[in-house]
Structure formats: C-alpha cells, structure tokens
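Have a look at the structure below, then the notes.
Nothing here was measured: the structure is a model prediction, and the numbers come from that model.
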Amino acid sequence: MSAKCYPPENFIGRELSWLEFNQRVIDEAVTPANPVFERMKFLAIAGSNLDEFFMIRVASIWDQIDAGYTGTDAAGMSPQEQIAAITARVRVMMRTMYDVLRKQILPELAETGVRLTDKDHLTEVQAAYLDAYFEANIYPVLTPMAVDATRPFPLIYNRSLNLGLLLESEDDDAPTFATVQVPSGLDRLIRLPSGDDIVFIPLEEAITRDIHKLFVGQRVLCCHAYRITRNADLSIDEDDAVDLLLEIEKQLKQRRWGSAVRLEIDHRADPRLVKVLEDALELEAGDAYPINGPINLDFLTKQIYSLPGFDACKYPPYRPRELVLDDGETLFDRIRRTDVMLYHPYDSFNPIVHFIRLAAHDKQVLAIKQTLYRVSGDSPIVQALMEAADAGKQVTVLLELKARFDEENNIHWGRRLERAGAHVIYGMPKLKTHSKIALVVRKEEDGIRRYLHLGTGNYNDVTAKIYTDHGFLTTDPVLCDDASAFFNMLTGLSHPPKLKKLIFAPNHLRKELLQRIDREAENARAGRKAEILAKMNSLVDEEVIEHLYDASRAGVVIRLMVRGICCLRPGIHDVSDNIQVRSIVGRYLEHSRIFCFYADGRREAYLSSADWMPRNLDRRVELMFPIEKPALRDRLYDLMALQWSDNQKCCELTESGTYERRAPADGEAAINSQETCMAAPSKQSR
C-alpha cells in the first residue's frame, strides 16, 4: 500500500496524545503505592511539563493561526480545532492537579509534619514573625506598578509570579490596575515558627497580607496572584545570522517577552481584574485558567522535597551498579577486550565520565572528539575536556547551541572550552545535532587505536541518574571508521559519507528504518515469522506509522513501548490489528530508543538517539547503531520482554486514544520492570 493513503481517523493528534502522557504523570501523583514526597514530585513535574507545552507547542499552533494557516494535522484537526481541544483538556487536567494537591497531597504532608498555611490562619507568634520578616526582607525588594495615562502596562516576564490589584481612590471614577512582581530571588516558601511541625506560608500570601503598605492612600479592592506563559520558541534565521552564537544570545533575551499564550490566575479573582489582564496581554477569554491553590508548583520540589529527615516519605535510595575492572586493568583495557553496554541509571554513569577523564590524562591519547547536546550545570565531562585541551590534546566538541532551554548553559560551556584550547563547533546549519557520540584516538604499541562511545541519552551526569538510557563502548574498527568519517562531516565540508554500520539522520536513517519495517512485511507475506519490537519516547512520523500499518496488515506482530506521544492508533480492524502500544511512567524517565527486528531469525537490535518523529528523522543529526554481539543483543530483547510484561507501571493504548492501566491477571505475579532492573545483579562480565 502506498504512503499517505490512511484517513485522518487512523491517527491520534499529537498534542492530545502528549496531554494523555501528562495525565499518566498525574496518575502517579495519586498512586497510593508511591511515597507522598514522590507523589508530590510527580505533581510538580506535570505542572512543569504543561509550562513547556504551552511555551512551545501551544505557542506554535497560535503562530499558525496568526499566519492564517488553515491546514490540518495527521488527525484531521485544524489549528483552531486543536486549540479548542487542548483548552478543554487542560482545564480538566489543571482542576485535577489542584484537587489532588488540596485533597490528597497537602493533607498527607500535614500528617508527616509539613504544613502549608495562609495569611488568614496565623497564630499571634507567626503573625508577629511574618510582620518582621516582611519589613526586613520583602518590602525593600517590592516595586508596585500602577497603570494609568502616564504609566503604561509594564512588562510581565514569562512564568514570573505576580500580584494583580484593583485600586480605588476618592479621585478615581474607575478602579486602577496595579501589579507587583513576587520577587524571584526570595524563597517561594517562608518557614514560620511552629514548634515541632514545619509550617510554610507562600511568599505571595505574605505580600498580600501587607499589600496596603505599598499603596498608601488607595483602597485595595482586590489582590490576587497570577502568572503568564509566553511563547518561548526561538525564531532564528540561520541564513541571515552572521554569528549564530550572538544571534542566539540576542534571542534568549527576547524569550522573556514573547506573546502571551496562557494566563493562570487565582480562581477567586475579580472578573474585572481578569478582563484587564486579558486585554493588556491580548489573550482570548479561553486562555485564562482559574487556579484553586498556589500558582506554579515548583516549590514542592525545590523546597519541600529537599527537606532533610523525610527519607521514609521518598523512594528508598538506590546505588547504581559500578563497572568492576580486573586487577591492574584500565577502562581502555576492558573496552579493547570486549564491548561494554551499560543501562543507566541501573548501571552507573561513572564509567562514561571516567572514559573522558582517562582520555584527558592518558599521555598516549592524541585526540578526543565529542558531541554535546545537554550537559549538567557543573559538568565533569566538560571539565575533563577542558583539562585535555589544556594538556595539549586535540579536543574537538560539537556543542549544540539550539538545544531548547539549554542554550544559555551551552554558550557558557562553549566559551570555557574555547578558552581552554578546544575546537568548538556550534552545531550544523539548519540542523540540531542530537547524536550522542565520543571518539578517543590513542597511540598504542601496535599503532593507532580508537575507542568509541555511543549512547541514547545526553552526556549529563545529573539526568543519567533519573533517565533510563543505554551507552555502548567499543573498539570495533568498522564502527570507529564510521565515527571518524561522521566527525569529519560534522567539522569539515565533506559530503555525507557512506557508512558501513552507523546509520545517521537526516541522510539515511528514515530510508533504512522504513526498509527494515518493509522487510518484516515481506517476510510475513511470504509466510515467515515477522516481528518488530521498538521502544522510544515518541511516535509521530506519518510515513513511519503508515509503513507500520502496512506491516500490520501483512501479519507482522508489532509491539511498541512509547513513553510519551503516540499518533499511531492501535487495534483498528484490518489496519492495526497486529499492533499493541504500551507506555511506562515510573520512578525513572524511560528514555532509551531500542529497535528490534526479527529479520528472518537473525534478530537484529539497534540503539539510537532518535525517536520516530519528523524532527529526528529530517531536521536533526541523529545516529542509530547495531548491537551485534549475541549476549548484548539478547539483553536488549530480554529487557523488551520484561517491560512488556510490566503490570504495575504500564498502561496500554486503546483504539479510542485513551490509556488503560495494566494489572496482574488472576494468578499472575506483580511485575514492576524498573524495580526488577534495580534488583538485578550486574551483567558486565569481567
């Protein structure tokens, strides 16, 4: 069957599918088996997810509407229809989140001795303490801003918390609007004297209590917290940018005041106040979301989750398995002897950090070449690269400036690397370099040898503790040859090379992926066993989905583990009967990309940095690489089988586009795949 011939009803809308993923995060906040501090954390994550969703996805749909675009997405929805559906779903979602906060999380936190109070429920001692705290620490920082004929509506920064007021004086015919930004440099929660309990009051409550001190001579008719979300997607014309680094720095400053796409405001707010904000921010009426609770839940993780002494309210601590080397053996010795495959966070990320550090200080290492997409704020890997450059080694780093929301961090590291003497390339024109690859060139007794690391996740020691990802270390000469050619393409002007084992986007990955799907379909039509097992973050690409539908109709058994967005609709008669889709949301963020094809009994397995999305296949530099050693390949197949059997943290996508929680069948043991991986012994042989 030719491409693009399946009707829109065979697809699920991308944005609505993402919202269903965020609902699965919220579901973890109400799962009794999760400790209360972890449930609180899931709720905060869901709120942060929504922020980014509005800043990027919703903002892009509004851009389409403003540009007069009337086309439809794969599911047949116009931009206006998408906005209407998103608004309706998010309203329900946000009500659910705050119901969970008020009715479950906060009462359970109170049972542990942590309470949140407000300005109307203070003891005399607490009130006196708060008055003194306000005068000494809060009042000097506040800047009241009224709006009238001589004072224009002020700039309200993206995601800043503010207080909106209506004021009345004897001389005014109508109320005056004023706003006060809640200082971001102060802790969001103020701890009050409270005996044995820990009692907090939100900063905005403390300001509201004494807001009259900022408007002497005015009567405060109302004062309510609000926050706006702005379009934060950078619009960079790389053709006209003389210096991409300087252009991105300029765009970062403008991110704070992109067009508003959402207003969150206290549900008790005076309708007149809401109208003033909607008009000033040029928002539609549906863009205002009433909030019954503290706006922005980041404080749950930034201040409450980090409280000492509450380990019993969190997941038990977990120590990743370390790679054990033989006596006298170096990491280079181990990689030279046998390929090493690590599964983070169950296997420690330390060997990857050590790999770069060892290369930096080994006198026999001549060069290090590496791509970096997102690194931690105090990255030991970047520090090691700087030390290597300072020691005179040839260090080449492709540092992706366009990594969304990490642009500023990457600019900082890029400049430090340059000062240390490294060669820094700031990405590829019109493409994001999302591949995860590091190549170490070493002079040894028998000649030059290359050591290669390939991965599915970022070189980030912080996220490696909470994201599940695979890393692969090898001296395979063919893969190393491919890696050298790949870096030459990135750093020079050479045409995209013909590689033997590495498969890269945007030049070859789509074609190679579709060929493997189609091969399974051909085998099924010939009466041979055919199977596709794939794990990824998101499945969006229409062409890939249609080839999967073709394969399903041919009889290929297709099992997909898709954590987030899935636009494929399973279970459609004579279209996707043979496709099942499941999703795991648990303690760790499922991030690995694993693609397995039965291949007429050869059982091929690949790891990749790429999801099955247009951006990954067409607009990013990505890598897919084979895991050929039978023992390592079998570990990937075993992992896929384990996750497929999960009946504790796994949901199954239905034909309707909703997800159903899997539960153990009668007599079936409970299986939590993440806990099983945590309990498993190391499989790294000596």
Side-chain angles (χ1 to χ4, degrees), residues 116-124 126-190 192 200-230 256-257 260 263-283 288-296 299:
L116 213 60
T117 192
D118 58 41
K119 61 183 176 60
D120 298 323
H121 294 86
L122 301 174
T123 66
E124 289 186 11
Q126 290 171 342
Y129 174 87
L130 197 57
D131 285 338
Y133 185 89
F134 179 87
E135 293 294 335
N137 299 287
I138 303 176
Y139 182 81
V141 187
L142 300 177
T143 303
M145 291 179 287
V147 176
D148 58 20
T150 61
R151 302 178 182 89
F153 193 90
L155 170 66
I156 308 298
Y157 286 146
N158 182 34
R159 292 193 292 174
S160 63
L161 186 62
N162 303 271
L163 294 172
L165 302 93
L166 291 179
L167 306 173
E168 185 180 64
S169 68
E170 295 180 359
D171 301 330
D172 291 333
D173 295 329
T176 298
F177 170 80
T179 187
V180 178
Q181 182 175 334
V182 176
S184 59
L186 299 178
D187 286 342
R188 175 73 185 280
L189 299 181
I190 303 167
L192 301 173
F200 291 112
I201 186 170
L203 179 57
E204 64 270 25
E205 280 283 315
I207 298 172
T208 301
R209 183 172 180 271
D210 287 322
I211 197 70
H212 61 279
K213 296 179 181 179
L214 297 176
F215 298 97
V216 178
Q218 302 281 321
R219 186 163 75 92
V220 177
L221 299 178
C222 66
C223 177
H224 297 288
Y226 72 93
R227 186 176 77 137
I228 63 172
T229 313
R230 294 186 179 275
R256 294 178 294 178
W257 54 81
L263 168 66
E264 297 169 274
I265 189 164
D266 190 322
H267 74 293
R268 300 164 296 184
D270 189 308
R272 294 174 296 174
L273 176 62
V274 177
K275 185 68 166 59
V276 168
L277 288 168
E278 287 175 341
D279 290 346
L281 297 168
E282 298 181 341
L283 288 166
Y289 293 81
I291 304 298
N292 187 359
I295 296 173
N296 185 8
F299 66 86

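- Looking at heavy atoms from C-beta onward, Arg230 lies in side-chain contact with Leu281 at the 4.5 angstrom threshold.
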Checklist line | salt bridge (charged side-chain N to carboxylate O under 4.0 Å, His left out) between Glu168 and Arg219, worked out | finding: CA-CA 5 Å; Glu168 185 180 64; Arg219 186 163 75 92; 2.5 Å; yes
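- Checked by atom type and distance alone, the side chain of Asn292 never pairs as donor or acceptor with a backbone atom of His267 at under 3.5 Å.
- Rounding to the nearest 0.5 Å gives a distance of 14.5 Å between CD1 of Ile295 and CZ of Arg159.
- Remark: the backbone N or O of Phe134 is not paired with any side-chain donor or acceptor of Asp131 at under 3.5 angstrom.
- The shortest non-hydrogen separation linking Pro183 to Leu203 is O-CD2, 3.7 Å.
- Here Leu189 contributes atom CG and Thr117 contributes atom OG1; the two are 12.0 Å apart, rounded to the nearest 0.5 Å.
- The pair Arg227-Glu264 meets the salt-bridge criterion, with a side-chain N (NZ, NE, NH1 or NH2) lying under 4.0 Å from an Asp/Glu carboxylate O.
- Of all heavy-atom pairs spanning Ser160 and Gln181, the tightest one is CB-NE2, 4.1 Å.
- The distance from the NE2 atom of His224 to the CD1 atom of Ile265 is 7.5 Å, given to the nearest 0.5 Å.
- Interatomic distance, CG of Leu130 versus CG of Asp210, reported as 7.0 Å (0.5 Å rounding).
- Contact between His212 and Val220 at its shortest, heavy atoms only, is CA-CG2, 4.5 Å.
- A distance of 13.5 Å separates SG of Cys223 from CZ of Arg209, quoted to the nearest 0.5 Å.
- Ring pair Phe153/Phe177 is parallel by interplanar angle, where below 30° counts as parallel and above 60° as perpendicular.
- When side chains are defined from C-beta on, Leu277 does not count as touching Val274, because their heavy atoms never get closer than 4.5 Å.
- At least one donor-acceptor pair under 3.5 Å links the side chain of Gln126 to the backbone N or O of Thr123.
- Between Pro294 and Glu204, some side-chain heavy-atom pair lies under the 4.5 Å cut-off.
- Counting only heavy atoms from C-beta outward, the side chains of Ile190 and Ile138 approach each other to under 4.5 Å.
- Applying the side chain to side chain donor-acceptor pair (under 3.5 Å) test to every pair with at least one member in residues 134-148, sequence neighbours left out, gives these pairs: Glu135-Lys213, Asp148-Thr150, Asp148-Arg151.
- When Thr179, Asn162, Asp266 are each tested for a side chain to side chain donor-acceptor pair (under 3.5 Å) with Tyr226, only one passes: Thr179.
- With rounding to the nearest 0.5 Å, the separation of OG1 in Thr176 from CG in Leu166 is 8.5 Å.
- Here Asp187 pairs with Gln303 under the side chain to side chain contact (heavy atoms under 4.5 Å, CB included) rule; sequence neighbours left out.
- Judged as a ring pair (Phe, Tyr, Trp, His ring centres under 6.0 Å), and not counting sequence neighbours, the contacts of Tyr289 are Phe54.
- Closest heavy-atom contact between Lys119 and Ile201: N-CD1, 3.8 Å.
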